[in-house]
Amino acid sequence: MGGNEQKYISEAFNENWVAPLGPNVNGFEEDLEKFLGKEVKVAALSAGTAAIHLALIESGVEHGDEVICQSMTFSASANPIAYCGATPVFIDSEPETWNLCPKALREAIENRMLKGKKPKAIIVVHLYGMPAKMDEIVAIANEYGITLIEDAAEALGSFYKGQACGTFGRFGILSFNGNKIITTSGGGALVSHTKEDKDKIVFLSTQARDNAPHYQHSHIGFNYRMSNIVAGIGRGQMEVLKDRVEARRAMHDFYITLFRDIEGVEVFSEPDSDFYSNHWLSAIIVNPEITGKTREDLRLAFLEDDIESRPLWKPMHLQPVFSGAPYYGTNVSEKLFDNGLCLPSGSNLTDEERERIKNVINKFFKD
Ligand SMILES: *Cc1c(COP(=O)(O)O)cnc(C)c1O
């Protein structure tokens, strides 16, 4: 926590705004809108997953439809496709940003259209905070007239060509889950570009009650709005977002220095200055042919010293729950999964902890 979260929560208690609406919800949305720029409209919700679900509904996704989704991601990017009764079509990564491969994306759209099914939406993810190749992806979405949804759950504070991640698509989604760069304990937001879209999202997220003195409903609603208490945490966290991004980026620099002289290990980094990652998680690719060791060997060496590291997200097209879903690509994401490892990346690591990490790595690659 940054320090001021408690102040906003106390205000909510003092004024008895203990509800899924109130000054903190409005204030948190304004803080996010100011940070993201581009005159976006933000609706604060109960989770990033809820935001993806509502984005799909607002994109017109219905039972039997197909939705394109980056395969290399956390399952929450794809699960809401199933909530809609739609089928995910998974797309491989390109090797530079590990995100949606524009070439495979085009191939998939063409092929699905040949089969008589034009995908209803495209979900692109900014993995570990790394912006996807948005120029190419936005151009393809526009060319085919398919709604673009940006899963920026891991990328608050990341920019592509100076524009904030989450503001490129018709919809962008953010997450404030406990593990994200800033947190409200649990929470999310849906970024849109018009007042109509935001109003509709708020309407659907608050049980879709029609304008009438009695309880009247002509849509299926959801209970997805953010609580005013939780939003108070968010307002406090927005005051320290820039510090958190700096701390994560400093961890990335730490690993760049650490691995500089270790051959066969590549630290996940921006391809060029168009990309600015918040480096939510630092990750590496271990080449076993050069190092003679696997990422699993390194994970176990860390574990021996009670340090947690994790394999990269396992691609969705390899997940049992999505077996049978179409997939387009050239197995880039499989190779990333086989050889990639997420390293300790927290904003609050101490010098002493960094020293322990350094010792494990130096010993592991020297032996
Ligand atoms: C965390 C995350 C989500 C889900 O957000 P919640 O707020 O936890 O529901 C979606 N997509 C990605 C890529 C995530 O990392």
Side-chain angles (χ1 to χ4, degrees), residues 20 25 28-29 32 42-57 67-84 88 90-91 93 97-100 121-132 134 137 148-158 165-166 168-169 171-191 201 205 222-227 230-231 233-234 237 241 244-245 248 268 277-283 310-317 319 321-322 333 336-337 340 342 345-346:
V25 174
F28 185 37
E29 289 176 345
L32 286 164
V42 174
L45 301 174
S46 57
T49 311
I52 299 175
H53 191 190
L54 293 184
L56 289 171
I57 289 169
V67 174
I68 284 184
C69 184
Q70 180 170 324
S71 186
M72 184 93 191
T73 185
F74 177 51
S75 63
S77 304
N79 282 337
I81 300 170
Y83 304 166
C84 295
F90 291 117
I91 309 289
S93 300
T97 74
W98 302 358
N99 293 312
L100 199 63
I122 298 167
I123 300 176
V124 57
V125 187
H126 305 294
L127 214 62
Y128 306 124
M130 183 65 71
M134 292 313 287
I137 291 162
L148 185 62
I149 300 171
E150 250 182 296
D151 181 346
E154 303 175 359
L156 181 59
S158 297
C165 287
F168 289 85
F171 295 110
I173 81 106
L174 303 172
S175 169
F176 315 108
N177 196 26
N179 58 341
K180 298 304 199 291
I181 191 145
I182 61 165
T183 181
T184 59
S185 68
L190 186 46
V191 181
I201 293 299
S205 69
F222 301 86
N223 185 5
Y224 279 174
R225 194 73 163 127
M226 180 177 275
S227 128
V230 152
I233 307 178
Q237 287 275 282
L241 172 58
R244 296 292 183 271
V245 173
R248 299 274 169 156
F268 184 36
S277 172
N278 66 13
H279 287 294
W280 172 59
L281 293 189
S282 286
R310 282 187 204 165
L312 304 188
W313 299 126
K314 180 173 179 179
M316 289 304 117
H317 72 278
Q319 298 286 356
V321 71
F322 292 121
S333 54
L336 291 170
F337 173 62
C342 292
S345 309

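We count ligands from 1, going down the list as the structure has it; atoms in each ligand are counted the same way. For the single chain, residues carry numbers from 1 onward in sequence order.
The immediate protein surroundings of ligand 1, defined as residues with any heavy atom under 4.0 Å of it, consist of A47, G48, T49, T73, F74, A76, S77, V125, D151, A153, E154, S175, N177, K180, G187.
Using bins of under 30°, 30° to 60° and over 60° for the plane-to-plane angle, the ring pair Y128/W280 lands in the parallel bin.
We find the CG-NE2 distance between L100 and H126 to be 10.5 Å, quoted to the nearest 0.5 Å. The distance from the CZ atom of F176 to the CD atom of Q237 is 10.0 Å, given to the nearest 0.5 Å.
Residues satisfying the salt bridge (Lys or Arg N to Asp or Glu O under 4.0 Å) criterion with R225, sequence neighbours excluded, are E29. Taking the side-chain contact (heavy atoms from CB on, under 4.5 Å) definition, one finds that S175 meets it with A153, N177, K180, sequence neighbours left out. Applying the side-chain contact (heavy atoms from CB on, under 4.5 Å) criterion to A51, with sequence neighbours excluded, gives L45, I173, L190.
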